[in-house]
2 protein chains.
Amino acid sequence: MIQTPPPCIPSELLESTAFLLGRMGIKLKKRVMEDLEAAGFSPWDFGVLALVADRACETQATIADGLGLDRSQLVGMLDGLEERGLIERKRDPRDRRRHTVTATGDGKRQLSRIRTIVKRVEDEFLAPLDAESREQLHALLVQVAQYHDPRFSPAEQALAAAV
Amino acid sequence: MIQTPPPCIPSELLESTAFLLGRMGIKLKKRVMEDLEAAGFSPWDFGVLALVADRACETQATIADGLGLDRSQLVGMLDGLEERGLIERKRDPRDRRRHTVTATGDGKRQLSRIRTIVKRVEDEFLAPLDAESREQLHALLVQVAQYHDPRFSPAEQALAAAV
DNA sequence: TATTGTTATACTCTATAACTATA
DNA sequence: TATAGTTATAGAGTATAACAATA
């Protein structure tokens, strides 16, 4: 057997924050999704349930826009959540084109299960960082997120700005 | 027209480092890929060229393992790079099953073009962070990456460990 | 028999456009 | 005419298994 160098990442990529951020983000998302799917959830259940449980009177358009996915994509996800009894779709009587989406009691319960799973995966993933480092990381990510996307600004702020 | 709340992300997701890291990582990767494709490169060209230019005598297996992709996936990418004259495949005379992959002169030149593009996108993406914050972010990501994956440890370390 | 590179296949995710019913 | 939701379709990306050449 002929020796080859051990597989490793070129130093150039290690020095690229872009490369690392992309890699780690995708890896973490993959882990979260694996654990959620193992528990019977689909990838977007967290986002949709969190959004619907958080705010009353969502329409499918605002949910899709809020999460940054296509309206046509959302349909299938809501179908799944509705079949499992986690959300309800009702026609908006004021505008019969619209569907008002709300979380059921069981939907809220399952959301809290999802929360636990995501938190656990996050803890495992960020294991090498102490509490202070984690807060640092979180704060940096929030800064970047808010810079690029107004949706990442807290709701109160957005509402205040709208007034 | 009936008012609906402005689209925004539920506070629960904003507070989740996992959610933010996943989102930002994917968004950044998407931007890098868009700019690379606009310049005529395919998504994995950066990783492959950086790996091949960095180290001599790579085989397809070590490239795939190093970048964490499947060997069958790598074939098409190398085909593309070879057609464009950026890499060369040669049979390893010591083990004729193996292909030794090297970067051509033009491959190295194009790699430096890619570097510039990635750096520019990264700068734009991390615009809200000052130099110190960027270093912090980078250091935190390195810590996490190395914790999960030995490939992210610098080559010298890996070689030293192998001795 | 095991390994390297290759090909073929299928499956998921996503992006796009068309369709309906309401406005 | 424009909008909300839906459906259908096509494409990229990825994962898996089978294959030929070589060890």
Side-chain angles (χ1 to χ4, degrees), chain A residues 1-5 7 22-23 25-27 29-30 32-34 36-37 41-48 52 57-83 87-101, chain B residues 1-5 7 22-23 25-27 29-34 36-38 41-48 52 57-83 87-101:
Chain A
M1 166 151 169
I2 294 157
Q3 72 164 7
T4 49
R23 270 303 175 96
I26 288 162
K27 175 171 272 205
K29 192 195 176 188
K30 221 176 258 177
V32 169
M33 275 171 34
E34 279 169 11
L36 285 183
E37 275 171 30
F41 298 105
S42 77
W44 288 87
D45 287 355
F46 184 35
V48 174
V52 167
C57 209
E58 294 287 352
T59 71
Q60 295 189 194
T62 57
I63 297 170
D65 292 349
L67 294 175
L69 54 82
D70 198 89
R71 294 170 190 201
S72 61
Q73 259 183 285
L74 184 62
V75 176
M77 292 155 198
L78 291 182
D79 289 346
L81 286 165
E82 200 171 28
E83 279 167 27
I87 60 144
E88 270 180 350
R89 273 194 271 217
K90 278 178 282 190
R91 279 213 176 277
D92 185 337
R94 296 169 304 172
D95 183 341
R96 291 183 44 73
R97 291 173 304 181
R98 289 180 174 170
H99 281 169
T100 293
V101 182
Chain B
M1 169 155 166
I2 294 157
Q3 73 164 6
T4 48
R23 270 304 175 94
I26 288 162
K27 175 170 271 200
K29 193 196 176 188
K30 222 176 259 177
R31 295 207 179 179
V32 169
M33 275 171 33
E34 278 169 11
L36 285 182
E37 275 170 30
F41 298 105
S42 77
W44 288 88
D45 287 357
F46 184 35
V48 174
V52 168
C57 208
E58 293 288 351
T59 71
Q60 296 189 194
T62 58
I63 296 169
D65 292 349
L67 294 175
L69 53 84
D70 198 90
R71 294 170 190 199
S72 61
Q73 259 183 284
L74 184 63
V75 176
M77 292 156 199
L78 291 183
D79 289 346
L81 286 165
E82 200 171 27
E83 280 166 27
I87 59 143
E88 269 181 351
R89 274 195 271 217
K90 278 179 282 192
R91 277 213 177 280
D92 184 338
R94 296 169 304 173
D95 183 340
R96 292 185 40 75
R97 291 173 303 181
R98 288 180 176 170
H99 281 171
T100 293
V101 183

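Letters go in sequence order (proteins before strands), and every chain restarts at 1.
- Straight-line distance from the CZ atom of Arg98(A) to the C1' atom of dA2(D): 13 Å, rounded to whole Å.
- Residues Arg89(A) and Asp79(A) are in side-chain contact: their nearest non-hydrogen atoms beyond the backbone lie under 4.5 Å apart.
- Atom CD of Gln60(B) is separated from atom P of dT22(D) by 15 Å (rounded to the nearest Å).
- Between dG13(D), dT6(C), dT7(D), one nucleotide has an atom nearer to the side chain of Arg89(B) than all others, and that is dT6(C).
- Partner of Thr100(A) under the side chain to side chain contact (heavy atoms under 4.5 Å, CB included) criterion, chosen from Asp92(A), Asp95(A), Val52(A): Asp92(A).
- With sequence neighbours excluded, the residues satisfying side-chain contact (heavy atoms from CB on, under 4.5 Å) with Arg91(A) are Arg96(A), His99(A).
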Give me the distances for all protein-to-nucleotides 15-21 of chain D N/O pairs that come in under 3.5 Å?
| residue | atom | partner | partner atom | Å |
| --- | --- | --- | --- | --- |
| dT16(D) | O4 | Ser72(B) | OG | 2.9 |

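- Protein atom CZ of Arg71(A) is 18 Å distant from nucleotide atom P of dA18(C), rounded to whole Å.
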Distance-only donor-acceptor hits, side chain of residues 70-78 of chain B, under 3.5 Å, sequence neighbours excluded:
| residue | atom | partner | partner atom | Å |
| --- | --- | --- | --- | --- |
| Asp70(B) | OD2 | Ser72(B) | N | 3.0 |
| Asp70(B) | OD2 | Ser72(B) | OG | 2.6 |

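- Contact check, Trp44(B) against dA12(D): no side-chain N or O comes under 4.0 Å of OP1 or OP2.
- Between Ile87(A) and Glu82(A) the shortest heavy-atom distance is CG1-N, 3.6 Å.
- Residue Met77(A) is the one, among Met77(A) and Pro93(A), whose nearest nucleotide of DNA chain C lies closer to the 5' end (criterion: closest heavy atom).
- In summary, the side chains of Thr62(A) and Asp65(A) do not present any donor paired with an acceptor at a separation below 3.5 Å, with no hydrogens or angles considered.
- The CG-P distance, from Asp92(A) to dA21(C), rounds to 19 Å in whole Å.
- Atoms CG (Leu69(A)) and P (dT6(D)) sit 13 Å apart, rounded to a whole Å.
- Per the geometry, CG belonging to Leu78(A) stands 10 Å off C1' belonging to dG5(D), to the nearest Å.
- We find that CG of Leu67(A) is positioned 16 Å from C1' of dC13(C), with the value rounded to whole Å.
- Computed from coordinates, the Leu74(A) CG to dA4(D) P distance equals 13 Å when rounded to whole Å.
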Dump the intermediate steps for side chain to side chain contact (heavy atoms under 4.5 Å, CB included) on Asp45(A) and Leu36(A), then the final yes or no.
CA-CA 9 Å; Asp45(A) 287 355; Leu36(A) 285 183; over 6 Å; no
